[in-house]
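The first residue of the sequence shown is numbered 1, and numbering continues consecutively from there.
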Amino acid sequence: MPARIVRARKNRSRSGAVCAPLPIICTCPESAATVLNDLRELGPTFFFAPPAIFENLLTRVTIRMEDAGAIKRWLYRFFMGVARRSGSRIMDGQDVPLLDRLLYALGRLVVYEPLKNTLGFSRVRICYTAGEAIGPDMFDFYRSLGMNMKQLYGQTEASVFIAMQADGEVRRDAVGTPAPQVEIKIAESGEVLFRSPGVFLEYYKNPKATAETKTPDGWVHTGDAGYLDRDGQLKIIDRAKDVGRLKDGSLFAPKYIENKLKFFPYIREAVAFGAGRERVCAFINIDMAAVGDWAERRNIAYGSYQELAARPEVYALIRANVEEVNRDLAADPHMAAAQIARFLILPKELDADDGELTRTRKVRRGFIAERYDTLVDALYSGRDHVDLKMEVRFEDGRTGAIRGRVRIEEARTFPPAQPRDAAAPLGRKAA
């Protein structure tokens, strides 16, 4: 049930007169399964959510559009192409050809506004995502619909705000410039540090942790790796502890790669490997609902997740997604060397009950590498398949076993599009 909360402060009009307190209605969905219906019922004007919510919404949209009639599918694909070209540019006040402006206005009537209404975003004035990196392509999708979506970077230790995006300065691959009175610098290791008037005093009864996190002169270690570009925008690559180097010294940021893969509705989870190795390889978890719907429309028979994941048609579908990610990585001067050379589709979904995910659905990369060490070895040995037998735990506590042959596929890689020295050097500082 919605709960009404009234702000403690009083508002003032432009003339200085004191106005009535501003009411805020905070709401929660009934359950994870009812989020889409609840959004439509509530019609929020401000929406704040982690990337996982936006991923789920986009997957539902894709499934519904694939099931739509031929005319509706054509209209959706045509006008989403217009939106990708012009939507964000129109919102930011940039120059857009007259024809694209007219097409975009028509698209609002026939596609964008009906779609936003279906998602429950018809009244949204501003939309923020934070908590984890969002895939750039997914970010572009929502902004192209005309939603003023922005990224926010913060931590509890900072009283939330570290960096934020201003209107007209929204970037798909960055989280904005430092918030007012916040300083950001990049350590030699690539870790992001900040200090501000909002920095926490100490961890409760834990001076050791405080000393490890906060320097004597007030700088706080975020635990994230990133850099400041030439415009002063902060770009977060990954958790500092997860960022590594390939054997040739090239940067390897697994979460950055995984988020790009998860933009595609057919990929639910991904785990990238490559630290200390000559090339990057990946595990893929398909999205059962999206791929199942795709398979049914093509009369592809399957009886379980394991059977569907092993189908050659599904491998071809996922390979196309992987190669599109590689094409994007080739254009990134920092990540061009980290393209995915080989991949496999896991015969089971990664599960928190098996210890493979946290309860908030974050990948436990180290645990997965140990549990599936035979698969990791096969990826780097050049083999085209591996026989797997492993134990799984069911929701009722029972255990079982999965046996089967896992196929390994090669993916096409692309030459770097730009020299690697195009970004700002580490150690740059902004205030």
Undergrad: Answer whether the closest heavy-atom distance between the side chains of Phe263 and Val325 falls below 4.5 Å.
TA: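 The answer is no; the side chains never approach within 4.5 Å.
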Undergrad: Ring-plane angle category for Phe48 and Tyr128, please: parallel below 30°, perpendicular beyond 60°, tilted otherwise.
TA: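 Geometry flag for Tyr128 against Phe48: tilted rings.
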Undergrad: Going by heavy atoms in the side chains, are Phe47 and Ile126 under 4.5 Å from each other?
TA: no
Undergrad: Can you say whether the rings of Trp74 and Phe78 are parallel (under 30°), tilted (30 to 60°) or perpendicular (over 60°)?
TA: parallel
Undergrad: Between Glu356 and Lys348, does at least one N-O distance fall below 4.0 Å, as a salt bridge requires?
TA: yes
Undergrad: May I ask you to say whether Arg143 pairs ionically with Asp92, meaning some side-chain N is under 4.0 Å from a carboxylate O?
TA: yes
Undergrad: Thinking salt bridges, do Glu324 and Arg327 make one under a 4.0 Å N-O criterion?
TA: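 Salt bridge absent between Glu324 and Arg327.
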Undergrad: Do you know which of Glu409, Glu410, Glu278 makes salt bridge (Lys or Arg N to Asp or Glu O under 4.0 Å) with Arg342?
TA: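 Between Arg342 and the candidates, salt bridge (Lys or Arg N to Asp or Glu O under 4.0 Å) is satisfied uniquely by Glu410.
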Undergrad: Taking atom types as modelled, find out whether Asp377 and Ser381 have a side-chain donor-acceptor pair closer than 3.5 angstrom.
TA: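 Absent: no donor and acceptor within the cut-off.
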Undergrad: Between Lys241 and Asp224, does any NZ, NE, NH1 or NH2 come within less than 4.0 Å of an OD or OE carboxylate oxygen?
TA: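 The answer is no: the pair does not qualify as a salt bridge.
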Undergrad: Is it true that Glu66 and Arg297 have a side-chain N and a carboxylate O under 4.0 angstrom from each other?
TA: yes
Undergrad: Might you work through the salt bridge (Lys or Arg N to Asp or Glu O under 4.0 Å) test for Arg412 and Glu323, ending with a clear yes or no?
TA: CA-CA 6 Å; Arg412 181 185 175 193; Glu323 291 177 353; 5.9 Å; no
Undergrad: Does Arg319 qualify as a cation-pi partner of Phe343, given the criterion of NZ or CZ under 6.0 Å from the six-membered ring centre and within 45 degrees of its axis?
TA: no
Undergrad: Would a 4.5 Å heavy-atom cut-off, applied to side chains only, mark Met80 and Ser144 as touching?
TA: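 The answer is yes; the side chains approach within 4.5 Å.
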Undergrad: Taking only Lys NZ, Arg NE, NH1 and NH2, and the carboxylate oxygens of Asp or Glu, determine whether Arg85 and Asp100 approach each other closer than 4.0 Å.
TA: yes
Undergrad: Between Tyr256 and Asp242, do the side chains contain a donor N or O and an acceptor N or O under 3.5 Å apart?
TA: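 Per modelled atom types, Asp242 and Tyr256 side chains form no pair under 3.5 Å.
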Undergrad: Any idea which heavy atoms bring Arg172 and Gln151 closest together, and the distance?
TA: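 Nearest pair, atom of Arg172 first, then Gln151: O-NE2, 3.3 Å.
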Undergrad: Are Arg403 and Asp387 close enough for a salt bridge, meaning some N to O gap below 4.0 Å?
TA: no
Undergrad: On the ring face of Phe46, is Arg125 found with NZ or CZ under 6.0 Å from the centre and within 45° of the axis?
TA: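 Output no; distance or angle outside limits.
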Undergrad: Should the pair Arg364 and Phe367 be classed as cation-pi, given the thresholds of under 6.0 Å to the six-membered ring centre and 45° from the axis?
TA: yes
Undergrad: Run the salt bridge (Lys or Arg N to Asp or Glu O under 4.0 Å) test on Lys235 and Asp332 for me, step by step, so that the C-alpha distance in whole Å, both residues' side-chain angles and the decisive distance to 0.1 Å come before the verdict.
TA: CA-CA 12 Å; Lys235 184 172 182 178; Asp332 188 323; 3.4 Å; yes
